[in-house]
Protein chains: 2
Amino acid sequence: MVRMTPPKPSLEMLRTLTDENVLRSLMAHPRLTRAEISARTGISKPTISDSVQRLTRAGLVVDTGERTTGRGRVGSYYSLAPQLGAALVAAITPRGVVAEAVDALGHVHGQVRTALEASAGPRVAAEALDAAAGQLAGRIPGRLRLAVVSAADPVDRGTGRLVHLPDAPFLVGDLDPSAVLAPTVSGPVLVDNDVNWAARAEHRAGCAGGVDDFVYLHLGEGLGCAVVSDGVVRRGHRGLVGEIAHLCTAGPDGKAMAFTEVFAVLGLRRPASTAIDVPALVELLARRDEQAERVRAVLVRAIGGVLSAAVSLADPRMVVIGGEWGLCPGLITAVDEHFSRTPRPVPLTAAVLSSPELTGARSRAVEELRSLIVRTAHPAPQA
Amino acid sequence: MVRMTPPKPSLEMLRTLTDENVLRSLMAHPRLTRAEISARTGISKPTISDSVQRLTRAGLVVDTGERTTGRGRVGSYYSLAPQLGAALVAAITPRGVVAEAVDALGHVHGQVRTALEASAGPRVAAEALDAAAGQLAGRIPGRLRLAVVSAADPVDRGTGRLVHLPDAPFLVGDLDPSAVLAPTVSGPVLVDNDVNWAARAEHRAGCAGGVDDFVYLHLGEGLGCAVVSDGVVRRGHRGLVGEIAHLCTAGPDGKAMAFTEVFAVLGLRRPASTAIDVPALVELLARRDEQAERVRAVLVRAIGGVLSAAVSLADPRMVVIGGEWGLCPGLITAVDEHFSRTPRPVPLTAAVLSSPELTGARSRAVEELRSLIVRTAHPAPQA
DNA sequence: CACTTTTAGGCAAGAGTCCTTACTAGAATG
DNA sequence: CATTCTAGTAAGGACTCTTGCCTAAAAGTG
């Protein structure tokens with residue numbers, strides 16, 4: 001939707017914009033002289049000098065004490081004030097918690113890894129997250145001003161809580177990252193599921209670089225996908241876009257059934273769980289006997305049905321496949337071969353990044369921290 | 001994606017913003033005095049006077065000659081110059097072409113309807129469109145500065161051409177609205193399919209008013225849907241989002257098959273065509289005998305499969321159903337009853353607007369025309 | 001070593017935009 | 001006829017950005 005009422009023009013607005021230009025320059029480059037900022041932004045030197053003076057007085061920018069070397073008059077280097085703080089980045093899976101702190105320059109200030117027992121519940125995960133946040137808070141100059149969390153479960157877009165969907169695995173369990181981090185993190189806590197973060201990372205740098213419309217299919221313990229449309233991961237009303245367990249597809253004997261049902265029928269679920277038995281599945285996909293071939297054919301067709309839905313409802317330029325068993329050798333080519341014979345084929349690729357969810361969450365954290373700093377520099381002039 | 005480099009601040013930018021405020025005010029209200037514009041925008045009277053003077057000199061705004069009545073000094077009314085032109089709005093179906101001209105105030109300046117033979121090809125449609133545009137161009141003060149076209153076929157997002165998808169009906173046929181309108185319309189031609197326009201109209205004013213995430217399912221001669229996510233119709237890479245003919249769903253005997261196949265198996269297609277035989281289907285849905293019930297059950301389940309895909313990949317807050325046979329009495333309640341027993345039910349509603357595709361295209365045309373006027377008032381200061 | 005070149009930064013002047021305040025013109029109200 | 005109300009104008013001030021010129025200091029050059 002296009003903004004209907006343009007902003008009211010004012011001189012204050014110009015000043016704010018100048019300051020934003022200066023701050024953004026210093027976010028892209030660790031240290032700059034005023035002349036460099038001027039050259040980089042195209043804004044005149046006196047104006048930049050004014051702005052730097054303002055921002056220095058406000059405590060957002062500091063003279064690093066360093067001086068230019070080389071020809072010409074010595075110049076002073078300025079940089080963002082260290083007390084501007086950092087953002088917490090955390091990834092939570094049933095296997096453990098990984099947490100980092102990143103500053104507005106994108107530098108990582110420390111990483112804490114906590115392994116969890118397979119049977120550990122959400123309580124233990126919450127404690128690990130809390131502890132990690134506490135440790136990281138001590139290692140950075142300023143405060144933790146916001147957090148970006150990746151979770152290996154569906155996330156409610158409104159509340160940020162992990163949600164348990166019927167007949168879908170609940171790997172981490174009932175957890176509210178916002179509540180856990182409230183004492184340690186002073187600002188907003190953004191939570192999304194790992195598949196969405198992975199898709200953002202792949203969009204930025206991976207095989208899908210430059211492609212603004214694609215679907216990322218994650219085939220692991222859980223079944224999920226991310227829909228990137230017009231360059232943004234779409235989350236839908238509740239944030240449950242990509243929860244494809246109940247998507248109607250083709251099962252054994254060409255019967256229509258929910259995607260997750262296919263695995264139940266094939267006996268590929270963990271006992272007393274709706275999670276997929278990944279080791280068994282990987283082992284089976286490695287085999288070449290007749291039974292394995294039959295199962296493989298069923299899986300390929302089931303995945304084809306899911307892709308037909310993705311093509312119909314998201315029209316991706318490509319489909320990226322990732323996940324523990326999605327990357328099994330031969331699977332992608334088999335799916336590709338099947339899918340390329342359907343009426344609307346789309347190229348398939350394998351995911352390339354190693355811990356994509358952390359990468360995706362991290363870059364979002366940097367983005368949010370930067371915009372938070374810019375916003376707080378000039379308290380919002382809202383109506 | 002967030003803008004990375006904020007705009008360069010300049011005094012010219014302020015002036016541009018003031019002018020934009022004035023223009024937008026005059027787009028929302030047919031005539032205003034300078035004092036009224038000032039009150040409405042919150043910008044001071046002298047500044048508004050300056051801007052109005054500039055815009056009048058530039059020919060964008062005119063003194064209407066009317067004067068205020070009532071207490072106090074008489075004021076002069078200003079309005080947008082009539083020569084600012086209008087936008088063409090056209091809807092093309094196999095049954096005919098409807099075209100209108102709308103100005104920046106949103107007023108419709110004339111409507112031309114041309115009926116087409118059922119067997120008329122794209123040539124005839126193109127001629128009808130061209131003729132309608134020619135007539136409308138004569139009826140308005142200025143030029144036709146852009147066009148917004150709705151077509152009853154899939155539209156390629158990149159080229160704006162109608163495209164024929166395998167095993168899907170091609171109702172209008174091979175047509176390139178941009179090429180047809182190039183002689184008559186001086187600016188851009190936006191083309192999208194009727195279902196997407198209808199969804200935009202429903203989003204704005206209809207049953208889905210205020211809901212930013214929903215899916216609009218169109219059940220007519222063709223099978224289509226629109227995905228509205230974060231308040232915007234998503235089109236995907238090629239613009240083929242919602243082309244659900246090949247979506248894998250449940251057919252008779254619970255067999256997995258493409259949505260369109262279900263109708264083939266049920267014998268509900270027009271002879272030698274992939275289009276659905278709507279009259280036959282409507283007649284059948286009205287019956288109550290055993291065969292009708294059986295077909296109805298199959299259809300309900302097939303639609304349920306499509307909805308499961310929509311829920312998985314779009315997470316709508318609601319599903320709106322429209323189309324010639326989608327609105328048949330009882331169908332929606334039957335689908336609703338079936339769907340509410342699935343693991344992830346979503347409320348269903350019937351579409352409410354009468355010619356939604358035209359309404360949707362019209363409001364977009366007004367929006368685009370307005371932004372075109374604002375942009376041309378101050379030639380883009382791009383790099 | 002003296003001189004030129006190069007560069008960061010400061011200062012002053014000027015143009016432009018917006019705002020506030022005060023004022024004028026003209027019409028309705030009582 | 002005085003009062004009241006309103007649209008528009010004029011003057012002055014505050015503020016921002018830019019241009020152009022200047023200084024200081026380091027590095028190269030002969």
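Excluded from the calculations below are hydrogen atoms, water molecules and symmetry mates; all remaining heavy atoms, backbone and side chain alike, are included. In the text below, chain A, chain B and the rest are named by the order of the sequence lines, each starting its count at 1.
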Study note, to complete from the structure: Per-nucleotide protein contact along nucleotides 22-30 of chain C, 5' to 3', at a 4.0 Å heavy-atom cut-off (B base, S sugar-phosphate only, - neither), is --BBBBSS-
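Inspection of the Arg15(A) and His378(A) side chains reveals no N or O donor paired with an N or O acceptor under 3.5 Å. In the model, Thr64(A) has a side-chain atom that pairs as donor or acceptor with a side-chain atom of Glu66(A) under 3.5 Å. There is no side-chain donor-acceptor pair under 3.5 Å between Asp212(A) and His237(B).
Contacts of Val102(B) classified as side-chain contact (heavy atoms from CB on, under 4.5 Å), with partners at least two apart in sequence or in another chain: Ala87(B), Val89(B), Glu100(B), Val108(B), Arg362(B), Ala365(B), Val366(B). For Arg234(B), the side-chain hydrogen bond (donor to acceptor under 3.5 Å, both in side chains) partners at least two apart in sequence or on another chain are Asp230(A). Looking at residues two or more places apart in sequence or on another chain, you find a side-chain hydrogen bond (donor to acceptor under 3.5 Å, both in side chains) between Asp103(B) and His109(B). Shown here are the side-chain hydrogen bond (donor to acceptor under 3.5 Å, both in side chains) partners of Arg317(B), two or more places apart in sequence or in another chain: there are none.
Ionic pairing of Arg40(B) and Glu36(B) is not present here: no N-O contact between side-chain nitrogen and carboxylate oxygen is shorter than 4.0 angstrom. In this structure, Arg24(A) does not pair ionically with Glu367(A), as no charged nitrogen and carboxylate oxygen lie closer than 4.0 Å.
A donor-acceptor contact shorter than 3.5 Å links the side chain of Ser38(B) to the backbone of Ile43(B). Under a 3.5 Å cut-off, the side chain of Ser79(A) and the backbone N or O of Arg31(A) do not form any donor-acceptor pair. Side chain of Asn21(A) to backbone of Leu17(A): a donor-acceptor contact under 3.5 angstrom is found.
Of the residues in residues 27-34 of chain B, those with a non-hydrogen atom less than 4.0 angstrom from any atom of DNA chain D are Thr33(B), Arg34(B). Contacts of residues 56-68 of chain B with DNA chain D (heavy atom under 4.0 Å): none.
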Please output the side-chain donor-acceptor pairs of residues 138-148 of chain A that fall under 3.5 Å, not counting sequence neighbours, one pair per line with the distance.
from      : atom 1 : to        : atom 2 : distance (Å)
Arg145(A) : NH1    : Leu84(A)  : O      : 3.1
Arg145(A) : NH2    : Thr376(A) : OG1    : 3.4

Let me have the donor-acceptor pairs involving side chains of residues 47-57 of chain B, under 3.5 Å, with sequence neighbours excluded, atom names and distances please.
from     : atom 1 : to       : atom 2 : distance (Å)
Thr47(B) : OG1    : Ser44(B) : OG     : 3.0
Ser49(B) : OG     : Arg34(B) : NH1    : 3.4
Ser51(B) : OG     : Asp19(B) : OD1    : 2.5
Arg54(B) : NE     : Asp19(B) : OD1    : 3.3
Arg54(B) : NE     : Asp19(B) : OD2    : 3.2
Arg54(B) : NH2    : Asp19(B) : OD1    : 2.9
Thr56(B) : OG1    : Val52(B) : O      : 2.6

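Here CZ of Arg370(B) is found 11.5 Å from CG of Leu23(B). Values are rounded to the nearest 0.5 Å. Rounding to the nearest 0.5 Å places OG of Ser355(B) at 14.5 Å from CH2 of Trp197(B). Here Glu12(A) contributes atom CD and Thr16(A) contributes atom OG1; the two are 5.0 Å apart, rounded to the nearest 0.5 Å.
Nucleotides of DNA chain D lying under 4.0 Å from heavy atoms of chain B occupy a range whose first and last members, 5' to 3', are dT4(D) to dT18(D).
Annotation: of the two residues near DNA chain C, Glu36(A) and Pro46(B), the 5′-most nearest-nucleotide partner is Glu36(A).
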What pairs of nitrogen or oxygen atoms, one from the protein and one from nucleotides 15-18 of chain C, lie under 3.5 Å apart?
from    : atom 1 : to       : atom 2 : distance (Å)
dT17(C) : OP1    : Arg15(B) : NE     : 3.3
dT17(C) : OP1    : Arg15(B) : NH1    : 2.3
dC18(C) : OP1    : Leu14(B) : O      : 3.3
dC18(C) : OP1    : Thr18(B) : OG1    : 2.3

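Between its two ends, the helix from dC1(C)-dG30(D) to dG30(C)-dC1(D) turns its axis by 10°, counting five pairs per end and rounding to 10 degrees.
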